[in-house]
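Here is the structure we will look at, set down as structure tokens.
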Amino acid sequence: MTFEKNPEIVSELRKITKPQHDYPKLKDIMSYSQVGLYEIGFNREGLPLFDPPMNLFGGAPRENRISLSEGAETYVPRLFAEDEARLSNIMRCIIYYESQVIKRRINKDIKVIGNSGILQDLVTMVNMTYKIFSYDGQVFVAPTDRRINQHGPLVYSGKKFEQVMTNKTGACDGSHFKTLQEVDTGSGSFKVLIASEIDSYVDGNKVYNLKKNHSGNEKNTVQSKDKDNDKNVNEKEPEKEDANKKVEVESKEADTKGGVKEGSEKEDVFKNTEEEEELKSMFEGGDEDVIYVELKSMLCRGFKPGYFKKSPYAFLQELYNLKYNFWTYMFKIIIQCVFTNQKVIVFGIRNDSFKQLGIKLISLSTMIEFMKNYSPTHYERYKSATNTINTELTKIIDTIKDGVVYQFVISPSGYNLTPLPESQWKPELDKLIIKEFRDWREKGIVSDEIKKGKSYDRQLDSIANKGDDFHLMKMIGSLEKLDLHEKVDFANVAA
């Protein structure tokens, strides 16, 4: 992708800065790539490069619009079995990390382990239920949603959009990339380990070089262009800090599969640029060779292709005026990106025929600035997010007891933690804690597969062989029969 030829992209990437108030610190400690339904590898090969068709920026000509429904007739939505261990991949990843990487147990200050969704749900307060238990001195939070009510065509369009944005071909088979992130929310007493699914990345080294190549007059030209496109918009730009220090960047290269391989060379890529301090915070809490990019496809009726040519801030204003349930949708995206270290969001707008009208790249900083100006209530919830998480997780840590399984219900009205009936504790723990994890933590035993850097989920294979419909369910409806004029709350659609 030739970023140098798209000044607006350069302008937005310059805004990838740390917000002015306290921000959660995230550090990638381990990653895994899932291939299909059953196999995972403890590597970064499944992390795809953001590499979209360039003609989608600014709006695609009608003849070049990509169909997000092509191939949908063969797509089978992924459901979860009732007796499936929902934290199995995280547990296998921890086994590999502890036994093969650090040769010891993970830090004792990591008190809570789960998927990134638990942090997001605590803040957004959507209706969600988890099962929580304590094992070996740590609290595990397992989701219970089996995705029974997901809508096949909508889910498929989101998966297809991700393929298009990363220049991939082939069937949507469940392959994806997740990174294990150590989250410091500032509690002072504990940290959280979460597994976060990442859609794509931008090469951070290229961004640094862009800073070098696009300083001075080029920068002024970009800013002027944004203002010309948005003459009637009261756009507020984030304040930039002065900086006089040089930044050294660890040079890394991407392999041919889209993953990232470490290198050892370092170079000083800055010479007398005024944005050095901004760049120092750009990768804070994440790998400095990678900028994670969240990909979001949505339907927005009444959207005009010319809106793609507006500045990112003005583009958000148009969505705000048109999008059903705008803040429910956008607030969830913002919180998701904040707590997974994704600094860029790419919005794809489609029409009722599932044709991609175009895409818009927007920095998380611009999203937060827009929220601050247009929804002070959501902005205050955002600012207090870490306090909310610390408060609720502290209550959980202080309450739960070993050997007991709890149900944790989140709703717009609050949080409710209750123990399951005693008769369910052992059966639930046998289901929630996979045998490999017990073998490692209690006996120090590691399978040969995990030692070699991969794992095959035989539990999942066994469930499939029993005929469970968790991944054999046919698509709900069809593209032809789907009522496309029905209002859909995209905040609750996994697309």
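The figures here come from the full heavy-atom set of this structure, side chains too, leaving out hydrogens, waters and symmetry mates. Because the structure is predicted, anything quoted here is derived from the model rather than measured.
Every pair passing ring pair (Phe, Tyr, Trp, His ring centres under 6.0 Å) that includes a residue from residues 102-134 is listed here, sequence neighbours excluded: F133-F140. Annotation: ring pair (Phe, Tyr, Trp, His ring centres under 6.0 Å) contacts involving residues 87-124, sequence neighbours excluded, comprise F42-Y96. The side-chain hydrogen bond (donor to acceptor under 3.5 Å, both in side chains) pairs that include a residue from residues 387-404 are S134-D402, T185-N390, where partners are two or more places apart or lie in different chains.
For F177 against G46, the heavy-atom pair with the smallest separation is CB-O, 3.4 Å. In plain terms, the two heavy atoms of Q342 and L364 that are nearest each other are O-CD2, 3.7 Å. Closest approach of L87 and G114 over heavy atoms only: CD2-CA, 4.3 Å. When all heavy atoms are compared, the tightest approach of R86 to P143 is CG-O, 3.5 Å. Across S455 and R92, no two heavy atoms sit closer than the pair OG-CD, 2.8 Å. R350 and L154 make their closest contact through NH2-CD2, 3.4 Å (heavy atoms, listed as atom of the first residue, atom of the second, distance).
Remark: K360 engages E8 in a side-chain hydrogen bond (donor to acceptor under 3.5 Å, both in side chains) (not counting sequence neighbours). With sequence neighbours excluded, the residues forming a side-chain contact (heavy atoms from CB on, under 4.5 Å) with P53 are N55, L56, I66, V164, M165, listed by chain and number. By the side-chain contact (heavy atoms from CB on, under 4.5 Å) test, K451 is found to be paired with Q100, V446, D448, residues two or more places apart in sequence or in another chain being considered. With sequence neighbours excluded, the residues that form a side-chain hydrogen bond (donor to acceptor under 3.5 Å, both in side chains) with D439 are K435. E422 is linked by a side-chain contact (heavy atoms from CB on, under 4.5 Å) to W425, counting only residues two or more places apart in sequence or in another chain. For the side-chain contact (heavy atoms from CB on, under 4.5 Å) test, residues two or more places apart in sequence or in another chain that qualify with Q424 are L420, P421, E428. In this structure R441 satisfies the salt bridge (Lys or Arg N to Asp or Glu O under 4.0 Å) test together with E98, D136, sequence neighbours excluded. By the ring pair (Phe, Tyr, Trp, His ring centres under 6.0 Å) test, H176 is found to be paired with no residue, residues two or more places apart in sequence or in another chain being considered.
Y382 contributes no side-chain N or O that, together with a main-chain N or O of I335, makes up a donor-acceptor pair within less than 3.5 Å. Side chain of S69 to backbone of A72: no donor-acceptor contact under 3.5 angstrom is found.
By the 4.5 Å heavy-atom criterion applied to side chains, K178 and Q34 are not counted as neighbours. Between W440 and I445, every side-chain heavy-atom pair lies at or beyond the 4.5 Å cut-off. Taking 4.5 Å as the limit, some side-chain heavy atom of I106 sits within range of a side-chain heavy atom of I113. Inter-residue side-chain proximity for V112 and Q138 is flagged as unmet; no heavy-atom pair is nearer than 4.5 Å. Inter-residue side-chain proximity for F408 and T129 is flagged as unmet; no heavy-atom pair is nearer than 4.5 Å. Under the 4.5 Å side-chain criterion, counting only non-hydrogen atoms from C-beta, D28 is not in contact with L180. No side-chain heavy atom of Y32 sits under 4.5 Å from any side-chain heavy atom of E45. Considering only heavy atoms from C-beta on, P52 comes within 4.5 Å of I359 through its side chain.
Counting non-hydrogen atoms of other residues, nucleotides and ligands closer than 6.0 Å to NZ of K103 gives a total above 12.
To the nearest 0.5 Å, atoms CG (L429) and NZ (K131) are separated by 10.5 Å. Interatomic distance, OH of Y201 versus CZ of F50, reported as 13.0 Å (0.5 Å rounding). For the atom pair I132 CD1 and Y406 OH, the distance stands at 10.0 Å (nearest 0.5 Å). The CG atom of L393 sits 5.0 Å away from the CZ atom of F190 when rounded to the nearest 0.5 Å. Rounding to the nearest 0.5 Å places OG of S99 at 7.0 Å from CD1 of I450. Taking CD1 of I334 as the reference point, atom CZ of F339 lies at 12.0 Å (rounded to 0.5 Å).
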List the steps, then state whether side chain to side chain contact (heavy atoms under 4.5 Å, CB included) holds for L47 with Y292. CA-CA 10 Å; L47 176 59; Y292 291 145; 4.0 Å; yes
Mind running side chain to side chain contact (heavy atoms under 4.5 Å, CB included) on K454 and I40 for me, showing each step along the way? CA-CA 6 Å; K454 62 182 179 180; I40 65 171; over 6 Å; no
Determine, stepwise, if the pair I333 / I345 fulfils side chain to side chain contact (heavy atoms under 4.5 Å, CB included). CA-CA 9 Å; I333 292 175; I345 303 97; 4.2 Å; yes
Decide side chain to side chain donor-acceptor pair (under 3.5 Å) for S411 and N127; before the verdict, give the C-alpha distance in whole Å, the side-chain angles of both, and the deciding distance to 0.1 Å. CA-CA 4 Å; S411 70; N127 290 309; 4.8 Å; no
Side chain to side chain contact (heavy atoms under 4.5 Å, CB included) between L361 and F57, intermediate numbers included: CA-CA 8 Å; L361 183 148; F57 288 100; 4.3 Å; yes
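Side-chain contact of Q336 with E294: a donor-acceptor pair under 3.5 Å is present, judged by distance alone. For the residue pair Q120 / S116, a side-chain donor-acceptor distance below 3.5 Å is found, with atom types taken as modelled. Side-chain atoms of T166 and D51 form no donor-acceptor pair, as typed in the model, at a separation below 3.5 Å.
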Contacts table for residues 191-199: side-chain donor-acceptor under 3.5 angstrom, sequence neighbours left out:
from, atom 1, to, atom 2, distance (Å)
K191, NZ, E182, OE2, 3.2
S196, OG, Q181, OE1, 2.8
D199, OD2, L295, N, 3.0

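With N107 as the partner, the side-chain hydrogen bond (donor to acceptor under 3.5 Å, both in side chains) test is satisfied by one option alone out of R105, R104, K111: R104.
In this structure, K160 does not pair ionically with E162, as no charged nitrogen and carboxylate oxygen lie closer than 4.0 Å.
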